[in-house]
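Since the structure comes first, as structure tokens, the remarks are kept for the end.
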Amino acid sequence: MALAVILFFSLAQYAMGADNNSVWKIHDWSRPRPAVITPPTPSTPQQVGLAPSDAVVLFDGSGLSNWRAMDGGPAKWIVKDGYMESVKGAGYIRTLRGFGDCQLHIEFMTPTPPHGSSQGRGNSGVFLMGKYEVQVLDSYDNITYADGQCSAIYGQYPPQVNACRKPGEWQTYDIIFKAPRFDENGDLLQPARITVLQNGVLTQDNVEIKGPTAWCSRVPYSKHPQKLPLALQDHGNPVRYRNIWVRELPAKGAPDAYRKELIFGAKELQKYVGVYKRKGGGQITIKMKDNMLFASHPGGASGHPLYAESQNRFYSKFVDLEYEFTFTGDQVGSVKLNVAHAGWQEYKRVK
Ligand code: MG
């Protein structure tokens, strides 16, 4: 009897300590279980590892199909023996796809024998959203300013420790990034946050990024899309990268958090710009603004941004509208529109 009473009180106390806001009971058998994935195979110095099964593989050594020059043109870095290498003067490269909140794995190697000193030795960089740099530098036996050494959030936070391997050895970054949030007026709601592990060692512990990283200046935040390409820096030194993968993280309140979002250059987007008409009435006008396509429908949704899932398929995030473009050679000839999954309607290009 006494035992039952004690047990009752301890269970009651335990229940009181539980999160009252949770919709789930403690040990709720009906609570959905997380997806089962295959974890990554880590790289060894000789052998490149494998991405986890739910990751987007950005580079597996086979080519630069997921990468572009910053203007959307072809990426001109070298691909050789399972790695890519930055080429002096070729410029930064960026992913075709945009990412917001994510977990990123990337491996890098600074040149051996080392050349130059301070910021001139093995300099490159991993730019989340093309704006927020985790510095890549040969900081093995190479002194520079603390907030510019390897694993620094450039110009903002030195790493907690210098965990660099020697030049010519493969190193890893595991990065957890939370994108900044802006309201409709462009005011900052929440700054970006970042956690970095270099070679398995914590170097940045959920720090608040103060704005886009820059040399010798503090740049304030300015509103940008929820997803933007990841970029790698050409700083004139032949730095190598391999085994790059990213896992998108669920962003609260972000529509289509996991839906693929490709970022084309202005030249490519120009192909879709025009007026499209349907037999028996109806018109879609596609325009370009700030390197994005906008579709407007007379008497319907006006000027909403279009997001690319592929070369043919675009979608709206805010209205249930799907667009399927058809190419004739290099020209867009028509677009099919599906409103609220009611069925596809074809519009021929007239302008
Ligand atoms: Mg750099």
Side-chain angles (χ1 to χ4, degrees), residues 58-59 64 67-71 75-78 83-95 99 102 104-112 114-177 192 194-199 201 203-204 207 209-219 228-244 246:
L58 292 175
F59 181 72
L64 294 176
W67 297 82
R68 298 284 182 96
M70 295 307 277
D71 65 2
K76 290 179 178 151
W77 288 23
I78 291 167
Y83 63 81
M84 62 161 101
E85 184 178 292
S86 70
V87 174
K88 190 175 180 175
Y92 291 37
I93 60 169
R94 54 111 168 149
T95 54
F99 300 99
C102 65
L104 169 70
H105 176 87
I106 185 162
E107 300 178 18
F108 63 95
M109 181 197 280
T110 58
T112 185
H115 291 289
S117 61
S118 184
Q119 292 290 304
R121 186 184 293 190
N123 195 334
S124 182
V126 176
F127 282 72
L128 281 305
M129 306 194 94
K131 292 174 181 293
Y132 310 106
E133 184 186 13
V134 181
Q135 173 70 305
V136 169
L137 193 77
D138 176 0
S139 288
Y140 186 89
D141 208 10
N142 175 38
I143 300 296
T144 190
Y145 42 88
D147 62 7
Q149 69 180 68
C150 197
S151 223
I153 306 306
Y154 188 74
Q156 300 185 13
Y157 298 98
Q160 291 192 356
V161 287
N162 181 340
C164 283
R165 294 191 204 281
K166 290 179 184 169
E169 292 184 11
W170 283 108
Q171 308 193 56
T172 60
Y173 274 156
D174 287 284
I175 295 171
I176 295 153
F177 175 75
I194 193 162
T195 296
V196 180
L197 288 101
Q198 183 185 357
N199 301 321
V201 172
T203 53
Q204 300 290 349
V207 296
I209 298 177
K210 294 167 184 163
T213 54
W215 176 63
C216 284
S217 59
R218 292 205 193 288
V219 181
L228 283 172
L230 168 78
L232 299 175
Q233 188 183 40
D234 160 27
H235 200 282
N237 306 139
V239 173
R240 294 175 183 175
Y241 290 95
R242 71 174 189 182
N243 194 24
I244 309 173
V246 64

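All values reported here derive from a predicted model rather than from experimental measurement. Note that the numbering runs from 1 along the sequence shown for the chain. Both counts, for ligands and for their atoms, begin at 1 and track the order of listing. Below, all heavy atoms of this structure are taken into account, side chains as well, without hydrogens, waters or symmetry copies.
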Using ring centroids (six-membered ring only for Trp), state whether Tyr92 and Phe127 fall under 6.0 Å. yes
Drop me the distance from Leu232's CG to Trp67's CH2, to the nearest 0.5 angstrom. 4.0 Å
To the nearest 0.5 angstrom, please state how far the CD atom of Gln149 sits from the CG atom of Asp138. 11.5 Å
If only side-chain N and O atoms count, and only distance matters, is there a donor-acceptor pair under 3.5 Å linking Thr144 with Gln119? yes
Considering all heavy atoms of both residues, which atom of Tyr140 and which atom of Cys164 are nearest to each other, and what is their separation? CD1-O, 3.7 Å
Is there a side-chain contact between Pro212 and Tyr132 in this structure, where contact means two heavy atoms from C-beta onward sitting under 4.5 Å apart? yes
In the shown structure, where waters are left out, how many protein N, O or S atoms lie under 2.8 Å from the Mg ion (ligand 1)? 5
